[in-house]
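Accompanying notes for the structure given below.
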Protein chains: 4
Amino acid sequence: MSSFYGENIKMAVFGQSHAPGIGVTIDGIPAGKKIDFDRLSAFLRRRAPGRDPYSTPRNESDVPEFICGFSEGGVTCGAPVTAIIRNKDTRSSDYAAIADVPRPGHADYTALVKYGPSRDAAGGGHFSGRLTAPVCVAGGIVLQLLEDMGVTVKARIVSLGKVRDDGAEAACDKGAAREDRGPAVDFPASSPAVDFPASSPAIDFPVSNLAVENAMKQAIEEAKAAGDSLGGVLECVVEGVPAGVGDPMFGGLENRISGIVFGIPAVKGIEFGSGFACASMPGSENNDGFCFDENGKVVTETNNCGGILGGISNGMPIVFRVAIKPTPSIAKPQKSVDLKTGEQVILKVPGRHDPCIVPRAVPVIEAAAAIAVYDAILGR
Amino acid sequence: MSSFYGENIKMAVFGQSHAPGIGVTIDGIPAGKKIDFDRLSAFLRRRAPGRDPYSTPRNESDVPEFICGFSEGGVTCGAPVTAIIRNKDTRSSDYAAIADVPRPGHADYTALVKYGPSRDAAGGGHFSGRLTAPVCVAGGIVLQLLEDMGVTVKARIVSLGKVRDDGAEAACDKGAAREDRGPAVDFPASSPAVDFPASSPAIDFPVSNLAVENAMKQAIEEAKAAGDSLGGVLECVVEGVPAGVGDPMFGGLENRISGIVFGIPAVKGIEFGSGFACASMPGSENNDGFCFDENGKVVTETNNCGGILGGISNGMPIVFRVAIKPTPSIAKPQKSVDLKTGEQVILKVPGRHDPCIVPRAVPVIEAAAAIAVYDAILGR
Amino acid sequence: MSSFYGENIKMAVFGQSHAPGIGVTIDGIPAGKKIDFDRLSAFLRRRAPGRDPYSTPRNESDVPEFICGFSEGGVTCGAPVTAIIRNKDTRSSDYAAIADVPRPGHADYTALVKYGPSRDAAGGGHFSGRLTAPVCVAGGIVLQLLEDMGVTVKARIVSLGKVRDDGAEAACDKGAAREDRGPAVDFPASSPAVDFPASSPAIDFPVSNLAVENAMKQAIEEAKAAGDSLGGVLECVVEGVPAGVGDPMFGGLENRISGIVFGIPAVKGIEFGSGFACASMPGSENNDGFCFDENGKVVTETNNCGGILGGISNGMPIVFRVAIKPTPSIAKPQKSVDLKTGEQVILKVPGRHDPCIVPRAVPVIEAAAAIAVYDAILGR
Amino acid sequence: MSSFYGENIKMAVFGQSHAPGIGVTIDGIPAGKKIDFDRLSAFLRRRAPGRDPYSTPRNESDVPEFICGFSEGGVTCGAPVTAIIRNKDTRSSDYAAIADVPRPGHADYTALVKYGPSRDAAGGGHFSGRLTAPVCVAGGIVLQLLEDMGVTVKARIVSLGKVRDDGAEAACDKGAAREDRGPAVDFPASSPAVDFPASSPAIDFPVSNLAVENAMKQAIEEAKAAGDSLGGVLECVVEGVPAGVGDPMFGGLENRISGIVFGIPAVKGIEFGSGFACASMPGSENNDGFCFDENGKVVTETNNCGGILGGISNGMPIVFRVAIKPTPSIAKPQKSVDLKTGEQVILKVPGRHDPCIVPRAVPVIEAAAAIAVYDAILGR
């Protein structure tokens with residue numbers, strides 16, 4: 001079913017971009033968990049639009065109202081948690097003009113085919129990136145539960161448009177393995193990696209250094225000026241997951257994580273560990289040899305498997321990367337069709353849109369990863 | 001749950017590499033479908049081991065016995081279909097030596113942590129690539145059902161080790177978009193693409209021309225001689241799916257396809273349409289403009305979205321690529337640990353293994369894609 | 001998962017009796033369905049408390065606010081429908097006194113064991129009968145969808161306390177079969193059955209005649225005066241379901257209906273067709289012989305199977321009865337334990353409660369049946 | 001999906017009465033559990049046909065072959081367990097004669113409507129009572145796992161036809177509450193209850209004394225002689241389940257148990273604790289007062305709730321009763337229709353059938369209850 005996710009916790013995401021509201025229900029959250037709502041708010045602000053010149057000027061306070069799920073004092077009571085977020089700044093008239101002209105790269109056409117003329121076309125309806133806000137509400141809660149278990153989830157921008165961040169290397173991110181990942185700006189190999197805190201609200205641009213940040217921001221400005229948009233690659237690292245989490249075959253961590261991550265609009269690819277690069281490596285190089293660390297714990301010398309073998313965590317950091325396509329809403333004229341008249345048309349998309357959602361996608365990926373991993377941990 | 005897949009059909013895969021057997025149950029297959037068992041056998045032979053010098057010499061006839069699900073004459077009766085395949089050629093003593101020494105790149109260690117000493121270690125147990133045989137039984141049946149709907153599923157080898165096939169271009173496979181996908185052998189750009197038939201049993205090496213095939217086979221032989229192994233990238237194209245199949249968010253075609261494809265051992269990445277390449281493209285280039293074809297049907301000029309917008313098919317071919325890691329079983333000595341003695345050891349893996357499973361993975365990917373797409377079609 | 005139901009539609013019910021609100025999400029409602037909100041309100045009023053001297057004086061307007069799921073004009077858009085109902089009249093201090101003393105017949109003790117001290121004890125929390133309001137919101141919508149298909153759902157009171165309604169006989173309700181169902185007040189056998197309309201808001205007491213109604217109301221008043229409570233038996237008839245709906249084994253209509261009906265607090269038994277009475281009938285009497293009706297349609301002479309054979313509808317009315325236990329909240333002193341002091345205590349339950357919820361349960365059973373049957377119809 | 005059950009374990013039942021075989025897959029059984037196959041066989045023999053003059057003469061050895069799920073020594077390995085049972089004694093020609101004439105009380109007609117002419121009509125196909133054999137294989141394994149936890153499951157015959165066993169009283173089985181359950185043969189109230197062991201293979205007729213057994217057997221013989229059949233009521237008691245098992249709303253123990261029990265052919269009703277009798281009891285009588293037992297454990301004075309409050313176990317025995325309809329296959333001529341000719345016909349059902357399946361249903365109900373309870377325990 002489309003808007004439900006999970007096996008041991010169940011999440012139902014609801015809402016449309018220009019409906020009265022959006023929201024989420026999560027069932028299966030254990031009772032007795034004290035949630036820090038200030039930290040949750042800070043987490044949500046990382047995703048919220050309108051914070052900087054690079055994102056959509058649409059101003060949404062995005063403050064969730066919790067309808068249920070808590071006893072007094074903000075402690076979970078074991079019942080489903082439901083939060084709603086009001087849509088305050090709706091301008092659905094923006095979309096009336098394009099009701100019959102599907103925007104390229106959007107779900108306009110497929111929604112029309114699937115649901116017919118009654119689909120909610122305004123702002124993408126249920127397909128809007130705005131639906132990632134409730135995912136972040138759920139994920140922000142789960143991140144706190146994971147932290148209590150010693151599990152952290154941390155995403156960073158690996159590339160944005162053609163700008164690549166080579167300064168920070170994740171556990172699995174061997175230079176050799178990554179070489180074939182396209183052009184990069186030239187940074188000194190020795191640039192120290194920023195050790196940014198997990199889920200820190202202060203980090204808008206989780207990259208390794210200021211030069212990368214500036215280059216990426218400049219790329220966004222150039223795209224904006226050109227009426228165009230940019231995508232990017234995010235890397236997410238989940239640390240602290242004990243070995244033995246996940247299941248074989250269709251219950252593997254890869255299946256679970258991709259099952260939620262592809263629910264985030266604009267994600268078009270995912271790879272774990274060395275990912276696509278492993279396809280051109282010999283087995284002797286890609287296999288991660290086992291050894292003991294100083295505490296006698298079994299670890300691997302490399303982490304090309306991204307912390308997952310046979311779908312199950314091996315105790316190493318879980319590492320995956322996702323490809324975010326460039327925002328489909330662009331000011332540049334595009335070819336489309338008028339479904340009413342049957343004519344070929346040139347579409348200029350009105351409305352307010354991000355030239356690049358990559359920075360705002362960082363907490364969304366963290367939220368999604370948190371929910372998938374937590375769900376798997378509960379099923380252990 | 002680990003070994004169950006599907007929403008509108010339900011598939012349960014069971015078995016271990018060295019148990020009495022393996023098999024599959026599929027519930028939800030409509031009644032009244034005549035299955036061509038000869039064609040099914042031919043499809044299964046494409047996956048079967050021991051056919052050529054490049055795959056494991058283990059000789060399994062891999063003939064499924066159907067326990068139920070049919071009325072007389074091989075017509076489905078609406079009840080669950082179950083098939084079992086006997087494991088005839090088991091040599092589990094091969095694995096006794098490595099009971100305490102996990103093989104790098106395999107699930108030995110994670111299975112031990114998860115299930116304890118009672119896990120079935122022989123040949124990877126339930127984690128074995130052998131479990132893809134029942135997936136192919138289910139998929140082979142579903143492929144016939146899809147064909148009746150005019151849907152075809154066709155996979156090819158895009159790269160094997162460092163050898164890349166640039167001769168055949170899929171609908172979405174723009175040269176520009178693929179440029180950054182690593183080194184390739186140099187083939188003449190004009191080499192004609194083979195138009196190999198869907199699910200044809202004759203095709204062992206679905207590549208565009210003989211030069212590519214020879215280069216790939218030579219790479220396998222070199223890896224084998226070196227006691228090493230190779231991975232590769234497969235591309236799968238599903239044609240004939242009408243627009244409107246799939247669901248938003250977590251029910252998207254991407255989620256459904258990756259949810260089954262990561263159940264195939266060795267898959268470590270998946271991308272749809274332009275995939276990771278889209279991350280460095282501007283929106284104006286990645287967006288697929290709409291137009292009408294000669295019959296007035298809405299199509300897109302390019303297919304960077306891989307036939308999927310908002311999780312829902314748009315009527316264009318569904319295109320995805322998966323990264324297959326090099327077979328972890330290699331003859332070369334590797335570092336591992338003896339979990340009983342607590343000592344670092346050098347492991348030489350005994351047993352019979354493929355230096356490269358990429359060619360055999362082709363029908364498995366087709367089977368998996370067929371099941372995911374058919375499940376989504378039924379839910380329309 | 002506790003608060004989720006359904007296979008082809010998915011319903012998530014959330015909320016606690018004294019939380020800010022309660023509500024429901026339904027995913028899978030087809031797009032393009034015009035909902036009549038006035039009729040929905042009328043349906044909800046049948047369940048609402050405070051309408052008469054027999055139900056709890058707690059005054060809740062119970063007006064659902066729809067957060068999403070509709071396009072303009074109250075037409076479903078294909079996205080999940082979510083409604084919330086605010087809890088306006090909360091008096092959770094009523095429940096502080098009994099935090100450590102579980103009320104007999106309630107979920108107080110089991111909730112405490114399951115969720116620990118953080119469970120929401122006020123008013124039964126998530127276990128409250130108040131959660132049937134969102135079930136009625138979902139069911140009220142589904143009833144309209146069913147009506148468009150020619151399917152009606154109609155429940156009546158078969159017995160209330162020791163008062164039994166023998167005036168109205170359902171299709172399966174053979175006198176012989178029902179004889180052993182306990183004492184009944186003596187009504188003339190010829191009393192005409194009221195043909196009350198499906199889902200009519202005007203019907204508070206769907207019984208066959210005024211004498212029964214008066215006897216039942218008097219029984220409630222006597223129970224109330226005695227500080228006691230009463231239960232009853234409801235019968236629900238679903239007409240217009242075509243043959244072929246439902247699935248074998250665990251997907252049968254009986255499984256589906258009981259799977260939702262036991263989610264209604266106070267239901268402790270369910271029987272289909274002749275139900276428990278069939279256990280003492282010979283097969284020759286219980287079997288429903290087939291014949292043709294005047295239109296050549298296959299029907300059965302009797303309906304002891306309740307319209308269901310092998311889990312699948314046979315085209316006859318679907319008939320089931322549920323046992324509703326007497327409301328556990330009574331004014332009479334009861335034996336309980338003080339979990340803090342470890343002492344045996346005599347509990348006098350404070351708060352406002354129904355002496356009999358049976359009349360209010362009528363639309364809830366209709367709602368639940370509607371959802372189960374509609375879900376099965378979609379899966380056909 | 002029809003033939004799949006479970007949330008934390010997943011069971012898939014497959015097969016048709018006259019297909020090559022029937023069987024079951026259970027996923028989610030923990031690794032490291034030693035199964036006693038002799039005890040499992042003994043359990044299965046309780047259900048097997050052909051043991052006595054009262055059941056069908058069809059001779060099936062019903063010995064399951066385990067295809068997978070075990071490591072050496074009969075210890076579960078964590079992978080799915082699959083067992084198949086061959087159908088040796090098939091005589092499907094018996095059924096050719098009735099292909100167009102549906103047997104009253106059977107699923108013949110509904111299967112035909114649902115699946116069309118390709119449905120497997122022989123012996124009821126997938127709807128056959130024979131499918132309870134694999135349920136017993138799964139349940140027999142689960143019963144052993146439960147026993148290790150101190151949980152026992154024990155069913156008895158409460159009534160068979162018009163013969164009732166009043167000698168043995170279950171925890172909840174207050175005489176007052178049961179009085180209205182129809183006529184009973186007259187046994188001395190003081191007859192001592194047999195304390196029959198759980199899952200004992202020796203017990204064919206789990207009733208309280210020989211007089212009851214003889215009366216029931218005589219009733220079966222009379223029915224058989226008359227070409228007729230009998231049903232009955234079974235009571236199942238699950239002891240040793242700790243408080244806190246089950247979930248609110250749709251995840252309640254009542255929902256879970258009825259969700260599997262209605263998958264057993266011929267079950268038409270279920271009630272928990274005082275069940276339908278509670279509907280005519282006042283709350284003050286039906287409520288179970290809390291007290292402490294000699295060990296300070298919270299117990300209830302009575303058990304009218306059947307050990308379940310709010311869907312969750314309260315630590316008392318879980319008690320439910322099911323109504324088994326009389327076997328629909330009878331020798332007596334019955335009214336049916338010829339679907340080919342459109343004529344009303346008199347049907348005399350050929351083949352071999354039980355005049356009463358009630359005794360054989362006893363282990364099936366135990367198996368089903370075990371699976372439902374174990375699934376809920378795992379989800380705690």
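The figures here come from the full heavy-atom set of this structure, side chains too, leaving out hydrogens, waters and symmetry mates. In the text below, chain A, chain B and the rest are named by the order of the sequence lines, each starting its count at 1.
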Completion exercise
If one checks every heavy atom of I308(A) against chain B at 4.5 Å, the contacting part turns out to be both
Completion exercise
Per-residue tally against chain B (heavy atom, under 4.5 Å) across L160(A), I260(A), L230(A) peaks at I260(A)
Completion exercise
Sequence neighbours excluded, the answer for side-chain contact (heavy atoms from CB on, under 4.5 Å) partners of Q344(A) is K335(A), V337(A), C291(B)
Problem - Which portion of F320(A) sits near chain B, non-hydrogen atoms under 4.5 angstrom - result: neither
Practice task
Test side-chain contact (heavy atoms from CB on, under 4.5 Å) on N314(A) and T300(A) and set out the steps.
Solution key: CA-CA 9 Å; N314(A) 69 353; T300(A) 56; 3.9 Å; yes
Exercise for the section: Give, as side chain, backbone, both or neither, the part of A223(B) having an atom under 4.5 angstrom from any heavy atom of chain A. Expected result: neither
Practice task
Counting only heavy atoms closer than 4.5 Å, note whether D288(A) contacts chain B via side chain, backbone, both or neither.
Solution key: backbone
Exercise for the section: Please look at K325(B) and chain A and tell me whether the side chain, the backbone, both or neither of the residue comes under 4.5 angstrom of a heavy atom of that chain. Expected result: both
Problem - Segment of V322(A) engaging chain B (4.5 angstrom heavy-atom cut-off) - result: backbone
Exercise for the section: Could you look at P102(A) and say if it's the side chain, the backbone, both or neither that has a heavy atom under 4.5 Å from chain B? Expected result: both
Practice task
Sort Q334(A) into side chain, backbone, both or neither according to what part of it lies under 4.5 angstrom from a heavy atom of chain B.
Solution key: side chain
Exercise for the section: Tell me, for P265(B) versus chain A, whether the close heavy atoms (under 4.5 Å) come from the side chain, the backbone, both or neither. Expected result: neither
Exercise for the section: Please state whether the side chain, the backbone, both or neither of I270(B) comes within less than 4.5 Å of a heavy atom of chain A. Expected result: both
Exercise for the section: Evaluate the salt bridge (Lys or Arg N to Asp or Glu O under 4.0 Å) criterion for residues R119(A) and D108(A): first the C-alpha distance (whole Å), next the side-chain angles of each, then the deciding distance (0.1 Å), finally the verdict. Expected result: CA-CA 9 Å; R119(A) 95 287 186 202; D108(A) 296 353; over 6 Å; no
Exercise for the section: With side-chain contact (heavy atoms from CB on, under 4.5 Å) as the test, would you mind laying out the steps for M249(A) and N255(A) before giving the verdict? Expected result: CA-CA 8 Å; M249(A) 301 205 75; N255(A) 312 57; over 6 Å; no
Practice task
Decide yes or no on side-chain contact (heavy atoms from CB on, under 4.5 Å) for V135(B) and V24(B), but give the supporting numbers first.
Solution key: CA-CA 7 Å; V135(B) 172; V24(B) 65; over 6 Å; no
Fill in the blank from the handout: If one checks every heavy atom of S313(A) against chain B at 4.5 Å, the contacting part turns out to be backbone
Exercise for the section: Counting only heavy atoms closer than 4.5 Å, note whether F292(A) contacts chain B via side chain, backbone, both or neither. Expected result: both
